[in-house]
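Because only heavy atoms are used, hydrogens play no part in the values below, and waters and symmetry mates are left out as well, while side chains stay in.
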Amino acid sequence: GIRDLVRSCGLGDVYKRQFVFFISTIIYDLHKKSITFVFSEKLLLFFKKGLNFVAALCSRKRFTVMKMIAFYNNKGGVGKTSTAINIAYTLSRRQNRILLVDFDGQCNSSRFFTDLANDECGCESAIVNAEEMPLIKSTRYDNIDIVTSSVRMNSISNYFANLSDEEKQTNIIKFRQSDYDYIIVDMPPAMNDFTEHVLTVCDYVYVPIELGTFAVQGLARVTQKIANAGTKYACFASKYDKATKADRELLEIMKKNLGDKVLNTVVPFSRAIKNSISYRITASEYMAWINPARCYEQLANEIIHSVEQ
């Protein structure tokens, strides 16, 4: 057990040898029924290092590994951007450092979080130039930073396609910034070489589905692309209207076909969500007490549970 503890703490061979030395300095005298400690300069040094190590552990919030998650659907208008914004905000309120990467040429996430000028873009140059790094900007939220988009992202796939496979992978992997707890990617509503490469570097992809016959029928193509990228994924109903019989039936069909790939949380159709985005505030800031705002809390819980498994 002690050996496993030392290994799990990552103390290394030097600390292991010192730990063995410490054990060896404890002499149990059976006749005197007492324990005698043989102190030495090395032993005192070990105690000092051990106390420093414990203090460092106690000062840390927790052990975390950065997770990169994307919200993606090749169909527009499904609530992808509003979900990315609200989940970023919800996770940041739980003392997580968030980087939102806006790859969507509509730039809605960028406009929500920053006063974006038309010619600004934090991601375009990094996508096509190996020497360029993503330009990270702060937002009005303490724990949220952003890599902004521009309308030029609508044609980025044409430039990206001319890169070698190695350049493509290298340029996309630059967006995995280890200084954050979660990187949230607002994906464009497209299915091309660029989006496929982004999917390969993500840890998890969440697919919002606005229930409708054509949307459900096209879902298989989207999930197959994500599976081909080797990335885990899950789907959830967005803009759901429980009063509509068709929505209820299609949700059951989706659950039957995809099983545990469908999250329990459904994000309802809500004018409050639409209005909050227009006012550049999140659903929780706009009306925290209503069900749509609480749904993002529930969705965040499911996302955390799935990505940390």
Side-chain angles (χ1 to χ4, degrees), residues 69-73 75-118 120 122 137-151 153 180-189 206-212 215 234-244 247 251 263-304:
I69 62 178
F71 291 97
Y72 172 64
N73 195 322
K75 184 179 182 298
V78 297
K80 172 180 55 63
T81 295
S82 58
T83 302
I85 289 171
N86 280 282
I87 292 300
Y89 174 78
T90 302
L91 293 177
S92 72
R93 295 267 293 179
R94 302 181 185 186
Q95 303 306 309
N96 293 296
R97 292 204 64 210
I98 307 299
L99 175 65
L100 193 146
V101 179
D102 188 1
F103 281 146
D104 191 346
Q106 296 180 69
C107 319
N108 290 331
S109 289
S110 299
R111 292 192 179 97
F112 179 90
F113 284 108
T114 67
D115 296 320
L116 183 69
N118 290 331
E120 283 186 319
K137 300 181 66 174
S138 59
T139 71
R140 61 184 179 277
Y141 300 102
D142 290 339
N143 287 335
I144 303 178
D145 292 337
I146 188 171
V147 178
T148 58
S149 180
S150 79
V151 293
M153 281 297 297
Y180 298 88
D181 296 304
Y182 294 97
I183 297 176
I184 296 178
V185 184
D186 186 3
M187 295 282 284
Y206 296 93
V207 184
I209 305 294
E210 183 179 5
L211 294 172
C235 307
F236 64 94
S238 178
K239 299 185 177 181
Y240 176 71
D241 185 0
K242 67 178 180 180
T244 303
D247 275 22
L251 179 58
L263 299 179
N264 293 322
T265 303
V266 296
V267 179
F269 172 79
S270 171
R271 295 191 182 280
I273 294 176
K274 184 177 180 180
N275 290 341
S276 68
I277 297 297
S278 299
Y279 297 144
R280 294 180 65 192
I281 56 176
T282 64
S284 293
E285 292 173 297
Y286 185 59
M287 291 183 177
W289 59 91
I290 64 175
N291 183 55
R294 294 197 298 268
C295 283
Y296 286 122
E297 292 284 346
Q298 298 166 10
L299 184 59
N301 291 337
E302 285 202 83
I303 288 173
I304 292 172

Legend entry - Close side-chain approach of Ile98 to Tyr89, heavy-atom, < 4.5 Å: no
Inset, instruction - Heavy atoms only: give me the nearest Asp104-Pro189 pair and the separation to one decimal. - result: OD1-CD, 3.8 Å
Legend entry - Sequence-distant partners of Asn275, side-chain hydrogen bond (donor to acceptor under 3.5 Å, both in side chains), two or more places apart: none
Legend entry - Side-chain touch Ser149/Ser109, heavy atoms, less than 4.5 angstrom: no
Legend entry - Stepwise side-chain contact (heavy atoms from CB on, under 4.5 Å) test for Ile87 and Tyr206: CA-CA 11 Å; Ile87 292 300; Tyr206 296 93; over 6 Å; no
Legend entry - Sequence-distant partners of Thr265, side-chain hydrogen bond (donor to acceptor under 3.5 Å, both in side chains), two or more places apart: Glu302
Legend entry - Any residue meeting side-chain hydrogen bond (donor to acceptor under 3.5 Å, both in side chains) with Thr244, in chain and number order, not counting sequence neighbours: Asp241
Legend entry - Main-chain N/O of Asp181 paired with Asn96 side-chain donor or acceptor, under 3.5 Å: no
Legend entry - Euclidean distance, Glu297 CD relative to Asn86 CG, rounded to 0.5 Å: 9.5 Å
Legend entry - Residue pair Lys242 / Val266, side-chain heavy-atom distance below 4.5 Å: no
Inset, instruction - Can you sort out the partners of Glu210 under salt bridge (Lys or Arg N to Asp or Glu O under 4.0 Å), two or more places apart, ordered by chain and number? - result: none
Inset, instruction - Take Phe113 and Thr148, measure what side-chain contact (heavy atoms from CB on, under 4.5 Å) needs, and give me the verdict at the end. - result: CA-CA 9 Å; Phe113 284 108; Thr148 58; over 6 Å; no
Inset, instruction - Look at the side chain of Arg111 and the backbone N and O of Gln106, then say whether any donor-acceptor pair between them is shorter than 3.5 Å. - result: yes
Legend entry - For Asn73, all residues meeting side-chain hydrogen bond (donor to acceptor under 3.5 Å, both in side chains), sequence neighbours excluded: none
Legend entry - pair Phe103-Tyr72: side-chain heavy atoms closer than 4.5 Å: no
Inset, instruction - Before giving the answer on salt bridge (Lys or Arg N to Asp or Glu O under 4.0 Å), spell out for Asp247 and Lys239 the whole-Å C-alpha distance, their side-chain angles and the decisive distance to 0.1 Å. - result: CA-CA 10 Å; Asp247 275 22; Lys239 299 185 177 181; over 6 Å; no
Legend entry - Rounded distance [0.5 Å steps], CZ in Arg97 versus CD1 in Ile183: 10.5 Å
Inset, instruction - Nearest 0.5 Å please: distance from the CG atom of Leu100 over to the CD1 atom of Ile146. - result: 5.0 Å
Legend entry - Any side-chain donor near an acceptor of the partner, Ser110 and Asp102, under 3.5 Å: yes
Legend entry - Crowding at CZ, Arg140 (>12 non-hydrogen neighbours, <6.0 Å): yes
Inset, instruction - Would you check if there is a donor-acceptor pair between the side chains of Asp186 and Thr81 at a distance under 3.5 Å? - result: yes
Legend entry - Derivation and outcome, side-chain contact (heavy atoms from CB on, under 4.5 Å), residues Ile273 and Val267: CA-CA 10 Å; Ile273 294 176; Val267 179; 4.0 Å; yes
Legend entry - Under 3.5 Å: donor-acceptor pair, side chain of Arg280, backbone of Phe112: yes
Legend entry - Euclidean distance, Ile277 CD1 relative to Lys274 NZ, rounded to 0.5 Å: 12.0 Å
Legend entry - Between CG on residue Asp145 and OG1 on residue Thr114, distance to nearest 0.5 Å: 11.5 Å
N/O donor-acceptor pairs under 3.5 Å from side chains in residues 285-292, not counting sequence neighbours:
from, atom 1, to, atom 2, distance (Å)
Glu285, OE1, Tyr141, OH, 2.7
Glu285, OE1, Thr282, N, 2.9
Glu285, OE1, Thr282, OG1, 3.0
Glu285, OE2, Tyr141, OH, 3.4

Legend entry - Closest contact, heavy atoms only, Leu211 versus Tyr240: CD1-CD1, 3.5 Å
Inset, instruction - Evaluate whether atom CG of Asp142 has more than 12 neighbouring non-hydrogen atoms of other residues, nucleotides or ligands under 6.0 angstrom away. - result: no
Legend entry - Residue pair Leu299, Thr90: steps toward the side-chain contact (heavy atoms from CB on, under 4.5 Å) verdict: CA-CA 10 Å; Leu299 184 59; Thr90 302; over 6 Å; no
Inset, instruction - Please name the pair of heavy atoms, one in Ser238 and one in Gly79, separated by the smallest distance, quoted to 0.1 Å. - result: OG-CA, 4.0 Å
Legend entry - Backbone of Asn143 reached by a side-chain donor or acceptor of Ser92 within 3.5 Å: no
